[in-house]
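Inspection log for the structure reproduced underneath, given as structure tokens.
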Amino acid sequence: MKITFIADTHHYSKTLGTTGKAYELRSGSDQKCLAETDEIIDSAFSQIGDSDTDAVFILGDVTNDGEMVSHLEFREKLYSLQKKKDVYIITATHDWCCDENPRRFVGDNTYHDVPVMKSRDLPDFYKDFGPDRAVDSFVTKIGTICYTVELSEKVRVLCLNDDKNDNNHAGYSEDCFRWIEKQIKQAKNDGALIIGIQHHLIMTHASPLICGGSVCVANREYVASRLADAGLKYIFVGHSHIQATDTFTSPSGNTITEVNVGSLCGYPAPIVNVTTNDDGTISYVVEHLREIKFGSSVVDAQEFLKKHACDLINRVLECRNAEDFTQRLEALQINLKNGKLVFSLLKPIIKWLDTALVGDAYKLLKSIGLAKGITVQEIQSYYYKPLKEMINEIVLNLLDGQQKTYSEDDTYYKLVMAVVSIPHKVKKDNDDFRELINLGNYILTGGRINNQSATI
């Protein structure tokens with residue numbers, strides 16, 4: 001059987017505003033596109049609809065912030081796709097606006113008077129995309145639904161909503177855990193493969209610096225252990241907007257593999273195609289959105305999404321006054337107590353990063369004794385490369401699951417790691433600085449499992 005997984009479509013209705021200073025700051029502070037989600041989703045659904053997959057699963061955060069109008073528009077897209085493929089979805093916190101901060105944008109102003117979907121209304125609203133075909137289900141305390149579907153006699157998918165545990169954090173109540181364990185045990189007794197899906201992560205993948213905290217379920221190792229010990233071997237998740245695969249082994253020795261599917265509405269718009277194998281393993285291949293249709297014109301999806309992601313960094317580096325700098329960081333949810341003072345201190349660094357070449361960085365590293373092991377001959381091929389371009393490449397490599405990898409002998413690797421190691425050399429007892437080195441190594445070399453294609 002062939003199954004397709006996508007995540008974090010974040011559909012945003014154009015009726016909520018797509019122009020003006022307020023929208024520009026909001027859109028310009030996010031890896032995901034907003035105004036373009038309509039065309040991105042339509043193009044992706046067309047690509048998936050023309051494929052040979054048997055079923056499509058969407059891993060939560062289907063709308064931008066739970067806006068009613070976004071849900072209504074997105075459901076129509078689901079009905080259109082369902083004419084070609086079986087479609088199943090789970091919802092997540094963005095689908096009922098858990099932060100109670102819905103927004104629409106008019107000119108310089110942001111308004112918070114947007115009607116939103118309630119969590120308890122989601123199962124009925126999306127009943128045609130999973131809940132009505134469930135062989136069993138469980139309603140959570142906030143009214144969302146977990147359910148099991150049989151794709152065939154031998155393949156089941158456990159569709160989980162992890163929005164709230166007993167302590168109001170991401171995860172599961174004890175009653176829900178018992179229901180989950182019952183589903184896994186039943187599949188085992190029936191000789192069926194069962195694959196889990198949920199929205200939040202149970203593993204930190206790239207690094208706890210990026211995928212820790214609220215990116216994961218609360219008590220993630222407990223949740224991972226309980227799922228693994230119950231017999232769940234595979235789980236597909238979204239939320240982090242990066243493409244990654246990793247494993248976790250419980251203290252009892254049971255292993256679960258998690259595939260983190262990146263956001264469809266941001267670079268690189270991954271579409272994860274899975275084939276179930278007769279020996280109980282599964283194989284996945286990650287393809288990407290190829291093109292986006294805007295009316296009568298067609299653009300290269302990867303170049304379009306790549307530019308949007310890179311502009312997140314470029315806009316900050318191009319700031320030349322304190323007001324613009326403060327607004328950009330606030331849009332990124334970085335609130336400064338004294339933006340003018342911070343900008344005055346960082347302005348020379350920001351300007352240097354915006355205009356420097358890799359060769360300039362090399363000379364600086366050499367002057368402070370951190371370019372050991374990097375020869376002048378090695379640096380020549382990168383010498384006139386804009387430093388900002390290299391920074392963008394590193395960010396993209398994190399998002400796309402290392403489509404391009406580097407060995408530890410590569411000059412590129414040596415240059416990046418020389419910079420990444422600076423904070424740790426200054427303060428060796430800082431655990432975050434030590435973890436930063438691990439993150440840099442992961443981004444450049446990839447994880448233990450190939451994030452683009454593997455049999456697991």
Using residues 417-426 as the side-chain source, report each donor-acceptor pair under 3.5 Å to any protein atom, sequence neighbours left out, with the distance given to one decimal.
| unit_1 | atom_1 | unit_2 | atom_2 | d |
| --- | --- | --- | --- | --- |
| Ser421 | OG | Met417 | O | 3.0 |
| Ser421 | OG | Ala418 | O | 3.0 |
| His424 | NE2 | Lys428 | O | 3.4 |

Can you see whether [X] engages [Y] through a side-chain donor-acceptor pair at a distance of less than 3.5 angstrom?
| X | Y | answer |
| --- | --- | --- |
| Glu258 | His205 | yes |
| Gln402 | Asn451 | yes |
| Ser225 | Asp229 | no |
| Tyr172 | Gln198 | yes |
| Ser252 | Asn254 | no |
| Gln82 | Asp86 | no |
| Gln183 | Asp136 | yes |
| Gln302 | His288 | no |
| Tyr284 | Thr455 | no |
| Thr249 | Thr255 | yes |
| Asp121 | Trp96 | no |

task: Name all residues meeting the ring pair (Phe, Tyr, Trp, His ring centres under 6.0 Å) criterion together with His241; count only those two or more places apart in sequence or in a different chain, and write none if there are none.
output: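 If we apply the ring pair (Phe, Tyr, Trp, His ring centres under 6.0 Å) test to His241, skipping adjacent residues, the hits are His10.
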- prompt: Taking only residues two or more places apart in sequence, or in another chain, which ones meet Tyr126 in a ring pair (Phe, Tyr, Trp, His ring centres under 6.0 Å)?
  reply: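 His71.
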Between [X] and [Y], does at least one N-O distance fall below 4.0 Å, as a salt bridge requires?
| X | Y | value |
| --- | --- | --- |
| Asp128 | Arg75 | no |
| Arg226 | Glu181 | yes |
| Asp42 | Lys77 | yes |
| Glu393 | Lys385 | yes |
| Glu36 | Lys307 | no |
| Asp54 | Lys85 | no |

Partners passing salt bridge (Lys or Arg N to Asp or Glu O under 4.0 Å) against [X] (at least two apart in sequence or in another chain):
| X | value |
| --- | --- |
| Glu408 | none |
| Arg120 | none |
| Lys414 | Glu378 |

Cation-pi check, Arg26 onto Phe105 ring (under 6.0 Å, within 45° of axis):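 Relative to the ring axis of Phe105, which defines the angle, Arg26 lies outside at least one limit.
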query: Counting distance only, does the side-chain N/O of Asn165 pair as donor-acceptor with the main-chain N or O of Asn168 below 3.5 Å?
result: yes
- prompt: For the side-chain contact (heavy atoms from CB on, under 4.5 Å) test, which of Ile195, Ile197, Ile184 pairs with Leu158?
  reply: Ile184
So, taking the atom named [atom1] in [X] and the one named [atom2] in [Y], what distance separates them when rounded to the nearest 0.5 Å?
| X | Y | atom1 | atom2 | result |
| --- | --- | --- | --- | --- |
| Asp8 | Asp61 | CG | CG | 5.0 Å |
| Phe5 | Asn273 | CZ | CG | 10.0 Å |
| Asp163 | Ile142 | CG | CD1 | 4.5 Å |
| Cys310 | Leu399 | SG | CG | 9.0 Å |
| Lys404 | Ile443 | NZ | CD1 | 15.0 Å |
| Leu151 | Tyr88 | CG | OH | 5.0 Å |

With a sphere of 6.0 Å drawn around [atom1] of [X], does it hold more than 12 non-hydrogen atoms of other residues, nucleotides or ligands?
| X | atom1 | answer |
| --- | --- | --- |
| Lys14 | NZ | yes |
| Asp429 | CG | yes |
| Glu174 | CD | yes |

- request: Check the angle between the aromatic planes of Tyr222 and Phe177 and answer parallel, tilted or perpendicular using the 30° and 60° thresholds.
  value: perpendicular
- request: State, to 0.1 Å, how close His94 and Asn64 come at their nearest heavy-atom pair, and which atoms those are.
  value: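 Of all heavy-atom pairs spanning His94 and Asn64, the closest is ND1-O, 2.5 Å.
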statement: Scanning both residues in full, the closest heavy-atom pair of Val223 with Ala218 reads CG2-O, 3.6 Å
- request: Please test Val87 against Leu81 for side chain to side chain contact (heavy atoms under 4.5 Å, CB included), starting from the C-alpha separation and ending with a verdict.
  value: CA-CA 7 Å; Val87 182; Leu81 178 60; 3.8 Å; yes
Test log, rule side chain to side chain contact (heavy atoms under 4.5 Å, CB included), inputs His239 and Leu201: CA-CA 7 Å; His239 193 52; Leu201 285 63; 4.1 Å; yes
message: Taking the ring of Tyr79 and the ring of Phe74, is the distance between their centroids below 6.0 Å?
response: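 Centroid separation for Phe74 and Tyr79: 6.0 Å or greater.
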Ile90 side chain near Leu160 side chain, heavy-atom distance below 4.5 Å: no
query: side chain to side chain donor-acceptor pair (under 3.5 Å) between Thr53 and Ser51: does it pass, once the steps are laid out?
result: CA-CA 6 Å; Thr53 195; Ser51 73; 5.0 Å; no
